[in-house]
Amino acid sequence: MRAGWVLGITAALAPACGGGDDDDAPADRCVVPEGGPGFDPDGPMCDRLSSYRLFDDANAQAPADGVVPFELNTPLFSDYADKSRFLFVPPGEAMQWDDVESFAMPVGTIIAKTFWYPHDKRDPAAGRDLIETRILLHRADGWEAAAYVYDDADEEAHLAVAGARVDVAWTHDDGEARTVEFAVPDKNQCKNCHEELDDTVGPLGPKARHMNRAGRADSGIDDQLQHLIDAGALAGAPAPGSWPKAPAFDDPDAGTLEARARAWLDINCAHCHNPRGAARTSGLDLSLAQTEPYEYGVCKGPVAAGMGSGGRPYSIVPGDPDQSILVYRLESTEAEIKMPEVGRSLVHEEGVAVIRAWIAAMKGSCEPQP
Amino acid sequence: MPIRLPWWTLSALGAISLAGPAGLAGCGDDAPADPCAGVEGTCVAVPAGADRDVIQTILIEAQPGTTIAFAAGTYDLGGSGISLDVDNVTIQGAGMDETILSFANQDDGGQGLLVTSDDFQIQDIGLEDSPGDLLKIEGAVGVTIRRVRAEWTGGPSPDNGAYALYPVQCEDVLIEDSLAIGSSDAGIYVGQSRNIVVRRNRAEYNVAGIEIENSIGADVYDNVATNNTGGVLVFSLPGLQLANGSITRVYDNEIVGNNTENFAPPGNIVGKVPTGTGIALLAAHQVEIFGNTIEDHDSVHIGIISYSTTDIEFDDPDYDPDPDTIFIHDNTITGDSTSPTGELGALLILGMSEIQDPFMRVHDITWDGVVPAAKADPKDPTKLAAELQICLQDNGDADFANLHWPNTELPEASADATDHDCTHDPLPAVEL
């Protein structure tokens, strides 16, 4: 990443006091036990990403021994950033299988997700910019999350408690030059998505249905779940063949239109829009577990949507995406309208297309009560 | 003594600030007044001109029990808005007109300041011009908002954010001596909460001045609601985790001249509030309204309606759309409501035209008259059962209308209040 955000913050911190020109970075305030990947179980989060020893080569995103890369069937949309995900389960420990929720993970687990943009999405060899790596640490008293922003050389990343904004430019799939002011979340924004009603913070992606697939082509992993089981990092799995699998939202062969739309909503919306999430106050539940159409928005009126309804009557009007609040909010980039509230400043055109098609194909209508 | 801050100490900022009450302001001899002066306990001073990232870092690294004290001045909180998730923190300024958190340059996030922690207090500060809500507090037990001004400074506009002061799913909420101006939905909006006191506030030029929605146990008193579209609203909406609000007392308020044309963005439920509404009860249960001064409303001084009258579909078996157990007494109501607006205003005119030919004015206390079978008097399906009745006592010269809407098989609209000459036991006071 190239923006001078660190200097900007320094200036703001000590406006009249000078300083900030020390060249010798001190030892990281975290104390990571000697050996492989890990973190300071009783201390603060590290100042520098390298202190966790997750990568042999951070620039290449080459994981260290014991750090497993993984992919999701349908990922969260993040302004067209590419992502590399990594899981570290302490040696000798294992995650516990769950059919529905995130796997129960042992204390000491680290989940990392790096956000990056290729210079040209059509040509991976043209290079890339690393933006940030988000870290989830499983401490004895729960999970802690924060983001690390890469330096100019994309070799080291620094803790960004307050988040950051990074200007990014790339060539898109269609050959168009695109830009975005990428928003790295602050520590509270991490919790906005990862925290539930009872103040528990937890992982979102590592669920059986999302991870049930092959790894990234260069990983050599043809079955991610089996790979973790074979490595002793995942226990309690039922027999292969009975594992749930969420479809890739953009692969018509992977599932029905409804299944793909619900999978997209599940990963993009349901971290807040579930009965325990931050958007529980709206009464709109977009998790896969919800089977009542009214509860996931069909003919459901807005509650405290402010400008977010756009004059449309219901979250979903069967057959009519242009009258559906859900589509209005997914197609907006205005702070007071767009959904999700944070983490998106561009429209996910491919995702919205699937949601539109799903609603357009939906039968029925919303008639007032007799 | 100057504080030197190389960049890697950014995340230790909170701890550094704790070391001295003057915090970051303590550079050199010409330091401004210490915002922490007089604060007991741990205090972090926010210097004038601090930017969003500095403030957000302080909020993240605060320890429970901390007061975060802003110096006088305007703080430009552009970018992503700010948030607090640490229990027992007080945010304070030098006065609601002296310390201003401006969210005019915010471009991300649904609210200016989001609070998700318990025992939160905010006082003596102004919050301005966020694109979404100004102050949203979600899921907190223990909320005090005191002498806070929350305002969209450009006057009423559908481009203003929705809610100025917005606790939702909270318990033990006190909002007092505060000011809410310009919300395109509700100025003071307490939703899905329990145990609430809203007192001595002023709500002006909002669509809804004060709104209690899907909440249980609220005392709304000694407030002034003026120049809103609707003064005080007690609503229950379907499809929410707290399905039915109940036990709300609205008393000793000055609810005057709420005739600002409805400027809610299209689609909002408050967009249906007719311009010129004093008090509106929508699907409200166990409400006591007394001792209020209610004056000068173009549509209706007190309107009581069923959610089914809004013609919005719902599918929520736990939800009760029909108001009941309302006791309205000892209010002073003056002024004729001669020009109701909007869809519901048209309904008011239609109904009143069955009493007056031609239509002249909406009666002071008007009920749509929806009586579901399950709540009806066993002997007369057009009346609510006695214990659920809308009771009226000692409201001076105020008159009443039952529009018997929408069932045309029922009798025509009626101004006869005989059935409503009843009382309910006083509702209990809220104790915080």
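The chains referred to below are lettered A, B, ... by the order of the sequence lines, with proteins before strands, and numbering in each begins at 1. The shown structure was predicted, so the numbers you read here are calculated from the model rather than taken from an experiment.
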Inset, instruction - List for me each residue that meets side-chain hydrogen bond (donor to acceptor under 3.5 Å, both in side chains) alongside B:S102, sequence neighbours excluded, and say none if there are none. - result: none
Inset, instruction - Could you tell me whether the side chains of A:D79 and A:S345 share a donor-acceptor contact shorter than 3.5 Å? - result: yes
Inset, instruction - Evaluate the ring planes of B:Y307 and B:F314, with Trp represented by its six-membered ring, and classify them as parallel (under 30°), tilted (30 to 60°) or perpendicular (over 60°). - result: perpendicular
Legend entry - Most contacts with chain A, counted as non-hydrogen pairs under 4.5 angstrom, among B:L114, B:L237, B:D107: B:D107
Legend entry - Most contacts with chain B, counted as non-hydrogen pairs under 4.5 angstrom, among A:K338, A:E295, A:K300: A:K338
Inset, instruction - Go through the atoms of B:N160 and report whether side chain, backbone, both or neither lie under 4.5 Å from a heavy atom of chain A. - result: backbone
Legend entry - Among the listed options A:L284, A:V342, A:D186, A:N192, the residue most often paired with chain B at heavy-atom distances under 4.5 Å: A:D186
Inset, instruction - Pick one of side chain, backbone, both or neither for B:P265, based on which atoms fall under 4.5 Å of a heavy atom in chain A. - result: side chain
Legend entry - Largest heavy-atom contact set with chain B, pairs under 4.5 Å, which of A:R344, A:K191, A:R312: A:K191
Legend entry - A:C193/A:C272 sulfur atoms closer than 2.5 Å: no
Legend entry - Between B:A264, B:G191, B:G79, the one whose heavy-atom pairs under 4.5 Å with chain A are most numerous: B:G79
Legend entry - Aromatic ring proximity, centroids under 6.0 angstrom, A:F39 and A:Y52: no
Legend entry - Leading residue by heavy atom contact count with chain A [cutoff under 4.5 Å; candidates B:Q106, B:Q111, B:E213]: B:Q111
Inset, instruction - Could you look at A:A304 and say if it's the side chain, the backbone, both or neither that has a heavy atom under 4.5 Å from chain B? - result: both
Legend entry - Portion of B:P238 that has a non-hydrogen atom of chain A nearer than 4.5 angstrom: both
Legend entry - Option that, when pairs with chain A are counted at under 4.5 Å, heavy atom only, ranks first among B:G239, B:S184, B:A162, B:G132: B:G239
Legend entry - Residues, nucleotides or ligands: over 12 heavy atoms within 6.0 Å of B:R194 CZ: no
Inset, instruction - May I ask you to test the B:I91-B:V115 pair for a side-chain heavy-atom distance under 4.5 Å? - result: no
Legend entry - Interface moiety of A:E181 toward chain B, non-hydrogen atoms closer than 4.5 Å: side chain
Legend entry - Residue part contacting chain A, namely of B:F235, when any heavy atom lies under 4.5 Å: neither
Legend entry - Those residues that, when tested against A:H194, pass side-chain contact (heavy atoms from CB on, under 4.5 Å) (two or more places apart): A:L136, A:V201, A:L204
Legend entry - chain A contacts, top residue of B:V270, B:L242, B:D185, B:L240 (heavy-atom pairs, under 4.5 Å): B:L240
Legend entry - Evaluation steps, side chain to side chain donor-acceptor pair (under 3.5 Å), between A:S50 and A:E156: CA-CA 6 Å; A:S50 60; A:E156 179 64 284; 2.5 Å; yes
